[in-house]
Structures are given as C-alpha cells and as structure tokens.
There are 2 protein chains.
Amino acid sequence: MGIVERKERDREEMRDLILEAARTLFLTKGYEKTSIRNIADAIEYSPGTIYLYYKDKNELLFALHEAAFRKMTLELSQVNDISDPFARLVEMGHRYIKYAVENPEMYDLMFVMKGPMQDLACRDEVWEDGLKAFSLLEYVITDCIKAGYFKELDVETAALTIWSYMHGLVIIFLKDRMKMFNDNREKERMQQSYALFVKMMRSSF
Amino acid sequence: MGIVERKERDREEMRDLILEAARTLFLTKGYEKTSIRNIADAIEYSPGTIYLYYKDKNELLFALHEAAFRKMTLELSQVNDISDPFARLVEMGHRYIKYAVENPEMYDLMFVMKGPMQDLACRDEVWEDGLKAFSLLEYVITDCIKAGYFKELDVETAALTIWSYMHGLVIIFLKDRMKMFNDNREKERMQQSYALFVKMMRSSF
DNA sequence: CAAATATAATGAACAGTGTTTATTGACAAT
DNA sequence: ATTGTCAATAAACACTGTTCATTATATTTG
C-alpha cells in the first residue's frame, strides 16, 4: 500500500501550492509587502501551516530563488544557436539585462537579498544555482578564447569581471540610482553603456 | 532675545543626537536589527520623540545616507595629489572597493536600499549626493582624456560603465554571492578582477 | 508675579510582522 | 472499536513603524 508515497506526494503538492502563492504575491505586491500571513490567506490556510512545510521564511525565499534561477538559466541558454562565440556572449548580456529589468523582484531575490544565502549558510551547502549560472558565462568565454577572440585570460577572472559589470549596471537601475540623471533615458543609458563595455571586451581581451 | 535661535540649535542638536545613535546601532547591529525603539532606548527618549525630529524612518535613513556620502567623498578625494590622471583613476577604484568593504552597512544605505531614495522621491528632489560622487568620477575621466589616455569617449557613458563594474564587484562580495567559490580567496579574486578591468580600460578606451 | 498659551515629550494604542505551541480533529493501524 | 499518529489550527509572544491624546515643561502675555 503506497500510502507513505501518497503522503509524500501530498507534501510536495502543498510545498508547491505555498511556493506558487508566494511567487504570485511577490510579483504583484513586491517582496517587502508580502508576509507569511498574506501567503496563508491566499491559499486559505492558517499561518502556522506554512511552517510545517518550510522551516522559516528564508527557506521559502530560497525555494523561490531556485525557481527564478531555473527561469533565467532557460532564457540565457536560448543563445546556443548563435554560432559565433563573441556574438553569443553579447546576446547573453542583452538577455541578462532584459531578464533583470523584466523580473526585478526575482533578480533581487537571486543576487541581492541576504535571506536565501542565510538559508544556504545554515544548511552548510554551496550556492549551486549561482555556480551553474556562472559556469554558463565561463563556457561562452572559453569558446571565445578557442575562437581566438580573447587571449592570455584567466576564464574565472574574466567571468567575474563581466558579471560584475552586468550586475552593477542592472542594480544601479533597479535600485533607482539612475534617476539622478533626471531625464527618462535610463534604459537608453544602459544600452549605451553596454555598447561601450562590449567595445572594451572586443578590443582588450 | 535669541530664543527662537536657541530652539533651532536645540532642534539641530537633537537631530544629531538621534542620527549618531542610529549610526552607532547601524554599525554594531546592522540595519535590519535596528529599530526606532532601539534608537530611542539608546538616547533615553520615548519612540514617539524621534518622530518630532524625523518624519519617518526613511528620512532618518536619508540623513544617515548623506553623512555616509560625505565620508566616502572625503576618502575618494584624497587621490587628488596623484598627478597622472590614469593612476588617479585606478587609485580611486581601489579606495572605492576599500570603502565598500570596510563600511558594508553604509554602502548598502548609499547604493542599494530603497528607503533613502523613497524619501527623496516624495520630496521630489534630485539625488545630489549621488550626482556629486558621480561627477568626481567624470572629472578624473575628463582628465584622462585630456592626457591622451582615452579618446572618442562619451564621459558620462564611460563613468556609468566604470561605476557599474565597481558597484557590481563590491555588491557581489557584500551580498555573499562570492562564497560560491567556496575557498576563502574572495578579496584576492576582487583584486584580480579589478586588475583585469584596469587592463581593459588602459587598452581599449 | 500669576495666568494663559504654546510646545516638547510621553506612553499607550493600532495594525502589522515572523515564529512557536498547546489543542483540536481527522485519518490509519491495531 | 479503540488506540495512535499527524496535519491543521487559533492563540500567544515578542517584535516592528507609526499615530495620538494626555501630561509636563517652558514661554509669553495680562
């Protein structure tokens, strides 16, 4: 009798139900305005129930963070049909910016908020999602080197440098620090800056 | 009789008292664990009193953010004795990283947290502190162009690009996203990456 | 100087937060 | 049919930012 299996399935279903409700609230109301009680209300359960499926809010945030990574990785992997490695790298950057701008709350969860990382830390695990996304970038860079674009380059350092730039650019935008320019050309500025960075990569690596 | 003047002085003193207590708590306990009640306790006043001097927590955060900018601007300006503009730019970068690593809570306040920007937005003012710091970078870049280092370069775009990189690098570090490498060479990696970025600037601009 | 007024500070209250726990109710096993 | 297991709950705890009627103090006026 597969009754313990059914229980496990039920449990997984419940975890998913909570996760989906959390995501929806996140995307509609934003992180700061989404509470455990809100999530509980949305799925018509009591607040305490959520703690039977997730040990605390950080664990829930981490689960959400994992789902966000799956989505981003999927979108970033769609450049694999571009044969020229450098063009692929450039397009990956464009998609990275696009993802961040279109999913600000999720981007925050993935790369800024401390909650998910704290959950990871107390479980004493390594940040696999980050590592996987990072290796995606390393892979393209390796291809660029093979194709003769870059030379004498430590792949890991190059990847960190490129990621730092991309990350900084989108965070400046997402955290409203670009409104100091006081015109409404923020996205235009991002594109101009990215164009410059691409030029830097092309001519210096 | 300068009694309204004295009142104004008293008021300014009280604002400072609150601000200093807030800063101390920020630096010792971190932002997330510092509440209005904590600050009130520290200066031995009731919580409500703080609202007689700051309209809300965001205004207090903004005041703190301003003080942090004064400190950073001071530290970044100490490179002015370096005559070679490019060397000055490079040293400024080093100091930027140093400031961020040594003042993580303040850096967060200045460039990541939404609170201070919300306060600014509801007062409908421009982000002067950010603009001032940005123009510090623009100034060095302009000097680099004059000295023949860079050419055919839009100063504003270049400044945004360099800032994006610096910002991204330190945020990756401060938000614990560098622990995916799982060794303890985070700061070393930052230095390696920055060295690469400097090389990129030298050879491509 | 005394009375009236202005104002600084207070503590309680409000509505919210994450989290824990004793109690209840339904299902499974004996 | 009774026992045991376990999911779900409501209530409570200790917080949070913020507001407000009340009190105490200081200043101005009669």
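Every chain is numbered from 1 and lettered A, B, ... according to where its sequence line falls, protein lines coming before strand lines. Predicted, not measured: the structure shown is a model, and the values here were computed from it.
- In this model, a side-chain donor or acceptor of B/Arg37 finds a partner on the base of D/dG17 within 3.5 Å.
- Note: CG (A/Leu25) to P (C/dT17) measures 11 Å, nearest angstrom.
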Report the C-alpha separation of B/Arg123 and B/Asp119 in whole Å, then their side-chain angles, then the decisive distance to 0.1 Å, and conclude whether the salt bridge (charged side-chain N to carboxylate O under 4.0 Å, His left out) test is met. CA-CA 6 Å; B/Arg123 290 204 321 262; B/Asp119 178 59; 2.4 Å; yes
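- One can place CG of B/Leu17 at 15 Å from C1' of C/dA8, the figure rounded to the nearest angstrom.
- Going from atom CD1 of B/Ile36 over to atom P of C/dA15 covers 20 Å, rounded to whole Å.
- What separates CG of A/Asn58 from P of C/dG18 is a distance of 11 Å, to the nearest Å.
- Counted within 6.0 Å of OH on A/Tyr139, heavy atoms from surrounding residues, nucleotides or ligands total 12 or fewer; the atom is thus considered open.
- Each of B/Arg11 and B/Pro47 was assigned the nucleotide of DNA chain C with the nearest heavy atom; the assignment lying further toward the 5' end belongs to B/Arg11.
- Protein atom CD1 of A/Ile50 is 11 Å distant from nucleotide atom P of C/dT19, rounded to whole Å.
- Distance NZ (A/Lys33) to P (C/dG16): 12 Å, rounded to an integer number of Å.
- In summary, the aromatic rings of A/Tyr107 and A/Tyr96 are positioned with their centroids under 6.0 Å apart.
- Counting non-hydrogen atoms under 4.0 angstrom, A/Thr49 reaches a base of the nucleic acid.
- Aromatic ring orientation, A/Phe111 versus A/Phe69: perpendicular (interplanar angle above 60°, classes split at 30° and 60°).
- Rounded to an integer number of Å, the gap from B/Ile18 CD1 to C/dA8 P is 13 Å.
- Residue-level contact check: A/Tyr53 touches the backbone only, with heavy atoms under 4.0 Å from sugar-phosphate atoms and none from bases.
- Nucleic acid contact class of A/Asn38 (heavy atoms, under 4.0 Å, all strands): sugar-phosphate only.
- The residue A/Ser46 sits close to a base: some heavy atom pair falls under 4.0 Å.
- Note: CD (B/Glu44) to P (C/dA8) measures 21 Å, nearest angstrom.
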